[in-house]
Enquirer: 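Starting off with a structure, shown below.
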Amino acid sequence: MENKNKFNVTDETAWCPGCGNFAIIDSLKNSLNELDLDPYKVLVVGGIGQAAKTPQYLNTNGFCGLHGRSLPPAVAAKIVNKELTVIINTGDGDAYGEGGNHFIHNVRRNVNVAHFVHDNQIYGLTKGQASPTTEKGQVTKVQTMGSVNLPMNPILLAISLGAGFVARSFSGRKDHLKEMMKKAIEYNGYALVDILQPCVSFNKVNTFQWYNKRVYELEKSYDEKDRLKAIEKSMEWGDKIPIGVIYKENKSSYTDNINFLSGEETLVDMSTSLDTVRGYIQEFK
Amino acid sequence: MENKNKFNVTDETAWCPGCGNFAIIDSLKNSLNELDLDPYKVLVVGGIGQAAKTPQYLNTNGFCGLHGRSLPPAVAAKIVNKELTVIINTGDGDAYGEGGNHFIHNVRRNVNVAHFVHDNQIYGLTKGQASPTTEKGQVTKVQTMGSVNLPMNPILLAISLGAGFVARSFSGRKDHLKEMMKKAIEYNGYALVDILQPCVSFNKVNTFQWYNKRVYELEKSYDEKDRLKAIEKSMEWGDKIPIGVIYKENKSSYTDNINFLSGEETLVDMSTSLDTVRGYIQEFK
Amino acid sequence: MDYNILIGGSAGQGMETISSILEKILQKRRYEIFTTRDYMSRIRGGHNFIQIRFSIDKITSHSDKLDLIVALNEETIDIHKKRLKNKGIIIGEKDFNYNDKKFMGIPLNEISKKIGNLRVKGSIAVGSVLKLFGFNNDFIMDILKKTFKKDELITVNMNAIEEGFNCLEKIFDVPKGNSKDKILINGNESIALGAIAANCKFYSAYPMTPSTSIMTYIASKMEEAQIVVEQAEDEIAAINMAIGASYAGVRAMTGTSGGGFALKVEGLGLAAMLETPLVIAEVQRPGPTTGFPTRTEQSDLKFIITSAQGEFPRMVISVKHPEDAFFQTVRAFNLADKYQIPVVIMNDQFLADYTTTVDPFDIDKVTRDRYIDNFIHGEYVRYKITKNGVSPRIIPGKIKDKLVLVDSDEHDESGHITESAEDRVKMNDKRMRKLDYLKDELIEPDFFGNKEADILLLGWGSMHGPLKEAVKELNILNIKTKALVFGDIWPLPTKLIQNEVKGINKIINVEQNATGQLNLIIKEVLCVSCTDSILKYDGRQLSAGEIVDRVKNIIKLK
Amino acid sequence: MDYNILIGGSAGQGMETISSILEKILQKRRYEIFTTRDYMSRIRGGHNFIQIRFSIDKITSHSDKLDLIVALNEETIDIHKKRLKNKGIIIGEKDFNYNDKKFMGIPLNEISKKIGNLRVKGSIAVGSVLKLFGFNNDFIMDILKKTFKKDELITVNMNAIEEGFNCLEKIFDVPKGNSKDKILINGNESIALGAIAANCKFYSAYPMTPSTSIMTYIASKMEEAQIVVEQAEDEIAAINMAIGASYAGVRAMTGTSGGGFALKVEGLGLAAMLETPLVIAEVQRPGPTTGFPTRTEQSDLKFIITSAQGEFPRMVISVKHPEDAFFQTVRAFNLADKYQIPVVIMNDQFLADYTTTVDPFDIDKVTRDRYIDNFIHGEYVRYKITKNGVSPRIIPGKIKDKLVLVDSDEHDESGHITESAEDRVKMNDKRMRKLDYLKDELIEPDFFGNKEADILLLGWGSMHGPLKEAVKELNILNIKTKALVFGDIWPLPTKLIQNEVKGINKIINVEQNATGQLNLIIKEVLCVSCTDSILKYDGRQLSAGEIVDRVKNIIKLK
Ligand SMILES: Cc1ncc(C[n+]2csc(CCOP(=O)(O)OP(=O)(O)O)c2C)c(N)n1
Ligand SMILES: Cc1ncc(C[n+]2csc(CCOP(=O)(O)OP(=O)(O)O)c2C)c(N)n1
Ligand code: SF4
Ligand code: SF4
Ligand SMILES: [Mg+2]
Ligand SMILES: [Mg+2]
């Protein structure tokens with residue numbers, strides 16, 4: 001970790017040696033640094049889980065809320081103060097499992113936040129149960145007969161829901177990850193980066209090597225604007241796993257859509273005058 | 001309503017005259033009848049809402065649970081007793097809004113149930129707020145500046161999640177609807193039928209005429225087995241709205257995947273002997 | 001003078017419009033009004049009714065005795081005629097198959113056909129009602145303009161009212177109204193106005209009867225007052241969004257009924273643990289679960305005061321009447337900000353929906369106390385241990401280089417996760433310490449009645465109105481009675497009640513529930529137990545008259 | 001004789017394996033064992049420790065005084081050495097930079113390198129520990145076989161233990177163990193076994209510390225015992241699935257900790273309203289919210305007994321020790337079926353995770369009373385009004401032409417939605433009536449101590465063990481003490497306590513929380529208040545010794 005990085009604050013974490021989270025937090029710090037953001041203007045939100053501890057280790061504003069509930073406070077904070085750069089770092093269980101309903105509806109809401117899912121295909125903090133992205137058949141201490149559920153494809157799901165920025169990266173490709181993060185942060189609207197992340201303690205299937213062998217960067221020629229193609233691309237999983245911006249489309253975000261939020265002034269600085277309220281009361285006469 | 005239909009029990013409902021729910025319940029009764037099912041072997045589950053009152057008006061077993069929570073008890077009941085035909089009738093708000101997380105994860109779970117969503121693109125029982133399928137810009141008493149969220153496409157979503165049976169119908173095409181219902185009930189696995197349903201009281205945009213003008217039945221040549229084509233087809237919405245089985249794929253369902261559930265005997269008839277338990281206790285010695 | 005009109009029919013017959021026009025006319029004529037609504041959980045059909053009571057004196061309860069029934073269908077007569085006073089009358093379609101000297105038929109069908117619009121029947125009936133009370137057509141045009149907006153509709157409805165006028169003769173003798181220039185408002189609108197007055201900028205909720213009208217009112221001012229009203233995907237999102245908005249610096253609120261509150265329980269604890277101010281409106285209806293969605297009950301009290309795992313300070317205020325609802329909502333925001341705690345405003349369907357005439361809320365009494373720091377010298381930590389348990393709060397992104405870190409895990413002063421026993425005890429004590437200070441701010445219950453009473457009635461929240469009238473009436477009957485009605489209810493204010501119970505041999509809790517929850521919490525806090533209870537849990541609100549009867553019954557004076 | 005060994009290090013150093021091997025050896029050697037676990041909420045690093053206490057007498061609490069510290073890192077010594085008894089010793093890596101005559105170094109690094117596997121350090125330490133107590137290598141091979149399964153690992157670990165043996169000499173003089181052939185088990189495993197014994201066929205849950213091990217144990221038998229263990233997408237799904245499964249006819253259960261329970265509150269009310277039997281395990285940890293995920297507290301009591309909107313009967317049982325956990329879980333299923341209500345089993349991290357030796361649960365005492373009808377004469381309605389409030393229950397799809405309709409809206413006897421005031425009162429009364437009968441089945445609290453005591457200690461649930469030892473010790477010190485420990489806690493059994501409080505001037509509640517919740521509910525129910533409290537809320541369990549000290553402190557006998 002570069003010491004001059006202004007987002008550095010500690011090297012002490014509760015993560016296991018060898019965990020993919022280290023590379024993710026490094027890439028995050030580097031992307032924030034390269035975007036030259038001011039720490040006090042950045043808010044990083046997590047739920048609960050190993051990934052969700054990220055805000056604890058950053059020199060930014062931080063909000064560690066409830067398991068599965070990272071998106072609602074994050075988008076609300078952005079709506080209230082769009083001068084904040086709002087980023088969500090959280091686990092696959094948090095984002096797609098307990099938090100699934102917020103995931104699907106916040107894609108629809110399209111608030112300008114960047115959502116970084118540390119997708120280790122497992123529940124880390126609770127010691128290794130299946131997550132929504134765990135492969136079918138994988139045996140755990142709870143899925144003793146193997147997971148029977150079809151794994152979720154978050155990339156495909158997000159595109160289907162109408163997300164305007166959908167990317168995948170891998171904690172083993174720090175520079176690529178950093179670039180994805182920067183693009184997601186700069187994108188105006190909800191931006192998802194699903195980050196493949198080895199969990200050395202509990203996921204013995206999807207290891208660093210497993211991912212490393214499979215991931216490949218999208219070809220230069222790939223057209224990230226073609227939705228149907230993007231959907232097709234997002235179905236690629238197995239021997240080859242594409243990383244990069246799978247789909248991108250520019251559109252107006254939540255605050256652009258509501259006239260009083262679209263200007264310079266942020267909601268946190270607005271005030272309803274008492275005279276206005278007096279008028280409302282009169283209407284009941 | 002045919003009087004000889006054994007699923008008939010009352011003509012008294014709490015629905016508004018002209019509501020699409022009448023045609024839906026008729027089609028449901030007819031499909032059950034034509035499938036020659038036995039009322040006491042059928043379970044219809046609803047959440048809370050206008051659509052969710054369906055079990056109240058049928059001569060079947062019925063379970064009206066919580067708003068948004070119709071799928072969990074329904075799939076559990078099927079797992080416990082697969083001799084029951086389990087059907088869920090509920091609203092778009094119930095299924096895709098409050099119940100969104102159960103929707104996405106039950107597609108993955110793939111229990112053999114038929115899910116009939118009365119999609120009136122509005123919250124009926126609570127008097128007309130936007131639902132997840134309400135068109136962008138539609139004004140309601142809560143969405144006073146027009147709905148800003150991207151409407152959800154349940155068909156596309158279900159296919160993306162890996163559903164094996166995904167269909168659309170319209171309450172104004174009772175026979176078509178009946179056929180879709182029959183196919184969904186007969187399908188082995190989670191089967192979704194999103195049913196376009198006019199709400200005469202609260203949805204003044206998507207009226208009977210609006211739907212009636214737009215819906216068309218899928219061409220005979222349409223290949224319901226091609227997933228990518230199905231995805232493309234599911235994106236059709238606006239001037240023309242396809243109805244029919246948009247996607248179908250045969251695969252094993254939840255109870256097929258778990259060996260002790262895949263046989264003849266149902267869980268409700270199984271029993272763990274006390275000797276077995278005695279043995280487990282000895283293991284702690 | 002005190003008149004009570006019932007308008008009954010099935011959902012979708014436009015009763016809400018008729019009664020609203022009638023109420024507005026009575027308001028303009030300077031009467032005091034108290035209108036209650038009895039709806040079924042459906043959009044069309046069934047049986048609904050509205051009772052408009054008006055008087056020249058202030059009234060605070062509905063009454064079960066009727067002077068006039070306006071029957072939009074025959075069922076209405078069957079159901080309600082037994083409640084008609086001796087001189088009471090019934091009006092309705094002249095073709096109703098109903099023979100009674102109390103019944104006066106109006107040719108609603110015929111006239112509406114003549115007018116060429118079948119939806120004006122209600123307006124015809126309005127005209128007849130006005131005539132019965134000897135009112136002329138003053139104010140009507142203005143009211144119709146506001147109600148119908150479209151010229152064409154205004155004209156036909158005006159015609160209808162005039163036709164209705166001609167159908168009947170004056171029967172009731174009413175003195176002229178002489179109240180001040182009042183507003184006519186219900187409890188939920190008052191909460192909504194209170195939130196706007198408090199400068200709430202973010203209201204996130206999921207629709208749920210009978211709380212939805214708070215959201216609807218604020219949404220009606222969304223653009224003009226610049227308030228984000230966000231319909232969340234579920235109640236969990238609603239409360240977590242409100243917490244995020246509050247963290248980011250605005251006043252934020254969420255609202256729901258019991259079932260939705262159940263889903264917000266985890267979020268309630270989150271607000272408390274993060275020490276992020278939050279206001280939550282909980283509008284009760286009969287449970288368990290879905291229960292009676294459109295009816296009233298006060299059965300969520302114990303649930304609300306103890307909900308969520310672990311231990312933390314919270315404030316629960318039960319609102320008593322529309323004016324109280326307005327000012328307590330403002331106060332709720334101030335207390336939430338001052339102590340950085342969640343404040344729950346409890347209401348119920350009765351007060352949510354009843355409309356009554358009150359003095360316009362005095363905006364000059366509204367204060368907005370944010371307790372937010374704009375400058376910080378030296379290091380900033382979010383959870384500084386302080387004497388009163390409240391730590392300096394700043395808005396993230398507003399003070400250069402100062403960061404705000406919050407965490408739902410147990411944390412140290414800086415907001416970082418801790419596993420230390422010592423830190424834990426310090427933080428838990430810090431949070432709980434706020435309660436000591438909060439207790440000094442509690443508002444004691446309202447007292448009314450006879451200081452020398454032998455009977456003490458206890459109530460909370462919306463029971464205020466019915467109890468007030470009941471106490472007045474009981475004392476007139478020489479049954480010496482006094483009452484305490486709690487608004488602040490958790491922490492429980494204990495000074496007044498400890499005084500008032502002394503030497504009393506009948507302490508009666510009057511509650512709209514089955515287990516007497518107020519009694520239970522008084523027992524827990526003070527080891528004082530009620531001797532008798534007046535409880536009701538059929539979804540229909542206790543009226544002053546019912547309370548009087550049941551008190552008489554308890555003291556065996558029948 | 002009573003020895004206390006602490007094994008400390010950071011997460012991931014294999015402490016769980018070492019201590020489990022040691023425990024099993026002690027078990028085979030017929031000692032009584034009581035082992036507690038202190039973990040941080042992380043997978044690697046930090047500081048964790050396990051304390052194994054063993055004796056020839058039955059022990060029911062951990063102790064703070066240590067005979068032996070096995071230090072896997074130096075931090076362990078720093079943190080715990082102050083708790084070492086006079087004759088206590090510390091063992092650890094010989095290269096530790098630590099000089100003290102109590103310290104005995106073992107060349108763990110050197111030996112493990114020699115063996116060629118760095119992960120066997122723990123086994124070397126096990127060997128040394130055994131030697132200190134003068135144990136030979138009986139039983140070890142069997143235990144290693146069960147622990148490691150792979151031949152290669154068994155061999156290296158056996159070697160390591162033997163090497164460890166050779167490092168030290170016998171120091172402690174221990175009599176031979178002589179207990180009966182016992183099982184070594186923790187509270188959560190006991191609950192899980194209870195569920196299987198009760199023929200639970202459906203367990204749906206979402207992982208949450210410290211409840212997850214219930215699910216893990218049942219899942220380990222899923223295939224063999226044919227039990228569906230379903231990891232739900234969230235806690236809301238978990239409880240609603242369990243309700244659906246129960247409706248469909250099997251015994252069903254869900255389990256979680258406080259935060260997950262918060263999400264199940266709405267479902268709890270649903271089970272009650274549908275009158276569908278349901279068993280819920282709630283394993284407490286310190287709150288609010290996320291709090292201390294891996295630590296212990298008893299702060300959810302008031303929350304659990306009042307949670308959910310509206311009013312309905314529920315039963316709450318707090319389990320006291322592993323054997324109780326097993327039999328109460330069986331009873332919970334029987335009561336849930338008998339009264340068609342939700343039954344909550346409350347546990348906490350302390351009892352969830354401590355392991356102790358107990359007699360094998362006597363399976364012959366297990367009954368499975370379903371109260372399900374297989375024949376119905378005439379019409380069947382789900383909610384028949386009956387004297388005791390319990391309606392005949394049938395399984396849908398099992399009796400030809402009989403249908404089961406359930407509804408969360410208020411309903412009539414047939415399960416159809418009603419809006420009638422009369423139906424409502426009947427149904428509410430019917431549901432609440434079950435409580436009257438349930439109250440007759442309550443199990444009074446456990447009593448122990450001196451009948452002539454001046455001091456009464458009150459506790460609930462897992463406090464049973466520490467209180468039992470504390471009372472014994474206090475009486476030995478001639479401080480005449482008795483205790484009541486509640487298992488059934490809501491409805492509160494009141495007979496015994498009303499007798500035992502008579503004439504007592506020191507009533508002390510001993511609870512692992514900050515507000516004394518047991519005291520509060522006793523006040524609410526009986527208007528009896530404790531005079532003093534022994535409370536702890538730092539996430540670490542009160543030991544018998546601590547309770548003794550604090551009692552002495554209260555009676556000023558220091
Ligand atoms: C309401 C609630 N349910 C469950 C938990 C327990 N819990 C904490 S983290 C976690 C899952 C962690 O998995 P993931 O989100 O993938 O994060 P990871 O640890 O793998 O980074 C769970 C189930 C909780 N804290 N709150
Ligand atoms: C937890 C909870 N939240 C909210 C409600 C209120 N509610 C009842 S039905 C409904 C929405 C109805 O919409 P939909 O599901 O589309 O059904 P429809 O009435 O349109 O058929 C809502 C919000 C509730 N009963 N429970
Ligand atoms: S458990 Fe897995 S995800 Fe968590 S810190 Fe360890 S390696 Fe990383
Ligand atoms: S409100 Fe709409 S959905 Fe409900 S019954 Fe009436 S028309 Fe049908
Ligand atoms: Mg994960
Ligand atoms: Mg709908």
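Letters go in sequence order (proteins before strands), and every chain restarts at 1.
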Enquirer: Mark yes when over 12 heavy atoms from residues, nucleotides or ligands other than A/E264 sit less than 6.0 Å from its CD; otherwise mark no.
Expert: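 Counting neighbours around CD of A/E264, 12 or fewer heavy atoms of other residues, nucleotides or ligands fall under 6.0 Å, so no.
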Enquirer: When rounded to the nearest 0.5 angstrom, what is the spacing between CG in B/L156 and CG in A/L156?
Expert: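 One gets 7.5 Å once the value is rounded to the nearest 0.5 Å.
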Enquirer: Give a yes or no on whether B/K251 atom NZ has more than 12 heavy-atom contacts from other residues, nucleotides or ligands under 6.0 Å away.
Expert: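 Check passes, neighbour count above 12.
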Enquirer: Please check if atom NZ in A/K229 has more than 12 non-hydrogen atoms from other residues, nucleotides or ligands closer than 6.0 Å.
Expert: no
Enquirer: Strictly distance-based, threshold 3.5 Å: is any side-chain N or O of B/R108 a donor or acceptor partner for the main-chain N or O of A/L150?
Expert: yes
Enquirer: Please find the pair of heavy atoms, one from A/N149 and one from B/R109, that lie closest to each other, and give the distance.
Expert: OD1-CA, 3.4 Å
Enquirer: Where does B/F103 contact chain A at under 4.5 Å (heavy atoms): side chain, backbone, both or neither?
Expert: neither
Enquirer: Would you compute the distance between atom CD1 of A/I159 and atom OG of B/S160 and round it to the nearest 0.5 angstrom?
Expert: 9.0 Å
Enquirer: With a 4.5 angstrom heavy-atom cut-off, could you sort out which part of A/L161 is near chain B: side chain, backbone, both or neither?
Expert: both
Enquirer: Any chance you could measure A/E232, atom CD, to B/R227, atom CZ, to the nearest 0.5 Å?
Expert: 11.5 Å
Enquirer: Quick check for you: among B/L228, B/N259, B/N110, which has the greatest number of heavy-atom pairs under 4.5 Å with chain A?
Expert: B/L228
Enquirer: Which atom names give the shortest non-hydrogen contact between A/G97 and B/H105, and what distance separates them?
Expert: O-NE2, 3.7 Å
Enquirer: Indicate the atoms forming the closest heavy-atom contact of A/N101 with B/Y96, along with that distance.
Expert: OD1-O, 4.2 Å
Enquirer: Select one option (side chain, backbone, both, neither) describing which atoms of A/M145 are under 4.5 Å from chain B's heavy atoms.
Expert: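 Side chain only.
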